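Presented below is the structure to which this report refers.
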Amino acid sequence: MALALAGLAMTGCAPSTSDNSSKEDEKSGKLRVWLFQEVNNAPKKKVIDAAVAGFEKEHDGTDVEVTYIPIDTRAQKIKAAFNDPKSAPDVIEFGNTDTAGYVKDGGLLDISKEFGAWTDSTNIDPTAKYSLTIGGKVYGAPLFVGVRALYYRTDVFKELDLEPPATQDELIATAKKIHSERPDLYGLAVGGAYTYGAMPFIWANGGDLADEKGKFGSNEYEAAIDSADAQKGVKAYTSFFGNDNCPAAKCAQWGGNDTVEAFASGKAAMAIGGDFNRQAIEAGKVKGKFKVVPLPGVKKGDIAPAFAGGNNLGVLKSTSHRTIAVDLLKTLAGKQTQRELYDAMGFLPTFTDVRGDVSHKDAFVKPFVKTLNDSAKFVPTSPGWAAIDAQLVLPTMFQEIVSGRKSVPAATQDAAKKMDEAFEQ
């Protein structure tokens, strides 16, 4: 699944590439595409093969070669391609949190003009487009999006006569009530290293990770994790760590996958999971015994903003086939392909109209679609975010708080300093 969905980012910082922009624009020939290798890649390959066949039929003299690359080593492979145009692909898939770093490295082509002229682009949701927009320019097209919501055990809620929580205070109280009455269960599985599960609490309380400096679209940021509102969110999330819900000694080290596994294996009554976790949960002990609702906000009726992860497609600056490479990108990221990728892989479309069709047919995705439509947010579109993620700045902050080593003000202030250093670099 998408690396961005897991909340991971590339490690290390490669030197900026030289300008490998091609001056050629051949209208036929060979196009090379690099896409991510999924755990079960056959359904994805089938959809892509069909899209490619249609593209080749419409573009006489064009041959498309698709290579599926391992997600774990994508950072090194893609950055090497930026520096070696001869071996580089024309089109690549990448996690949406990687966009800013790849633009800084000089690898991606600015396709603002083509994107603006693409009729279908008006249906792309704003958060997905934001993940591609650096300095007011567009560097690709979104392929799919993923977001998190609240999974809960219907059998446990029925047994304890509980209703799905409608506010964050109710969520905290419900989690602790469940653990009190069912000590064998975590009320809400949480993780000290689950950054993307914690973000909704920060955003719902009016806080943010960072503020954009200067005019909108400048992509220059300063940390805001130590603001009063952000600290409220941090306190709300860290209140779940303790013997009355999820003991810090156990849960402080958990990441997102650990919390989902705790829920799927029947050890937790609730978990914050993504639409992309559906298969893993349905393969567990809670199959047929769970439902999903949007993660509640602070006030009744509000939905906590959730991180919109996902993957994008981009064209490399070094392509000698700009026109047809962009045409191919629009085919692979187009409505038909996104619809088929949902049917094959469960990847949520980034086109609001297509996503609406999907939610009408599949009730499971409705809470996720509602979250995306109402309150999706994104991380700072700065190359510094990759360093912040790789250095585990936020997980370290949460773990320092839940272990009692630092207070919320001290830990958030220290995290803010590290974030500002990364943004400045």
Side-chain angles (χ1 to χ4, degrees), residues 4-9 97 127 130-131 146-150 165 167-172 175 188-212 221-241 245-246 251-252 254-256 259 270-274 294-299 302-309 371-372 374-382 384-385 388-389 391-402 406-420 422-423:
L5 299 180
L8 300 174
T97 58
T127 308
Y130 181 78
S131 77
V147 74
R148 293 168 176 84
L150 182 68
T167 66
Q168 287 192 355
D169 283 345
E170 286 184 16
L171 177 62
I172 294 168
L188 173 70
V190 288
Y194 191 9
T195 303
Y196 292 86
M199 284 179 182
F201 294 87
I202 294 168
W203 286 325
N205 280 275
D208 213 333
L209 304 174
D211 292 327
E212 199 163 2
Y221 293 87
E222 57 185 358
I225 193 67
D226 57 342
S227 71
D229 287 337
Q231 287 185 18
K232 287 180 190 175
V234 171
K235 287 177 182 176
Y237 184 68
T238 54
S239 72
F240 289 104
F241 293 83
N245 175 57
C246 204
C251 305
W254 280 1
T259 66
M270 296 183 287
I272 300 166
L295 188 68
V298 173
K299 298 177 182 177
D302 286 353
I303 295 175
F307 167 69
T371 300
L372 282 166
D374 288 9
S375 61
K377 294 198 71 169
F378 198 63
V379 296
T381 52
S382 162
W385 179 254
I388 291 165
D389 217 11
Q391 293 165 17
L392 305 178
V393 173
L394 294 179
T396 298
M397 176 192 77
F398 288 120
Q399 289 164 350
E400 287 172 340
I401 294 167
V402 303
K406 289 183 182 177
S407 66
V408 169
T412 56
Q413 286 164 14
D414 288 348
K417 290 176 185 176
K418 294 174 185 175
M419 289 176 71
D420 282 335
F423 287 139

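Keep in mind the model is a prediction, meaning the values are calculated, not measured.
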Pairwise side-chain contact, [X] with [Y], heavy-atom cut-off 4.5 Å (strictly under):
X	Y	result
Q168	N205	yes
F240	L171	yes
F423	E222	no
D414	T396	no
P380	I388	no
M199	T195	yes
L394	L209	yes
I172	N245	no

Open item on the list: The criterion is side chain to side chain contact (heavy atoms under 4.5 Å, CB included); which residues satisfy it with T127, sequence neighbours excluded?
Closed with: D125, A308, A376, F378
Looking at every non-hydrogen atom in both residues, tell me the closest pair between [X] and [Y] and how far apart they are.
X	Y	answer
P296	A304	O-CB, 3.4 Å
C246	A189	SG-CA, 4.4 Å
A252	Q399	O-NE2, 2.9 Å
I272	G197	CD1-O, 3.7 Å
P200	L295	CB-CD2, 3.5 Å
D229	G207	CB-N, 3.6 Å

Report the distance from atom [atom1] of [X] to atom [atom2] of [Y], rounding to the nearest 0.5 Å.
X	Y	atom1	atom2	answer
I202	K232	CD1	NZ	13.5 Å
T167	K299	OG1	NZ	12.0 Å
K406	T412	NZ	OG1	10.0 Å

Check side chain to side chain donor-acceptor pair (under 3.5 Å) between [X] and all other residues, then give those that pass, not counting sequence neighbours.
X	value
W203	D208
D302	none
D374	K370
K418	none

- [ ] Check M419, M397, Q413 against D226 for a side chain to side chain contact (heavy atoms under 4.5 Å, CB included) and give me the one that passes.
- [x] Q413
Open item on the list: One thing to verify: whether D420 and K417 come together as a salt bridge, which I'm taking to mean a side-chain N less than 4.0 angstrom from a carboxylate O.
Closed with: no
- [ ] Would you please name every residue forming a ring pair (Phe, Tyr, Trp, His ring centres under 6.0 Å) with Y237, sequence neighbours left out?
- [x] F201, F241, F398
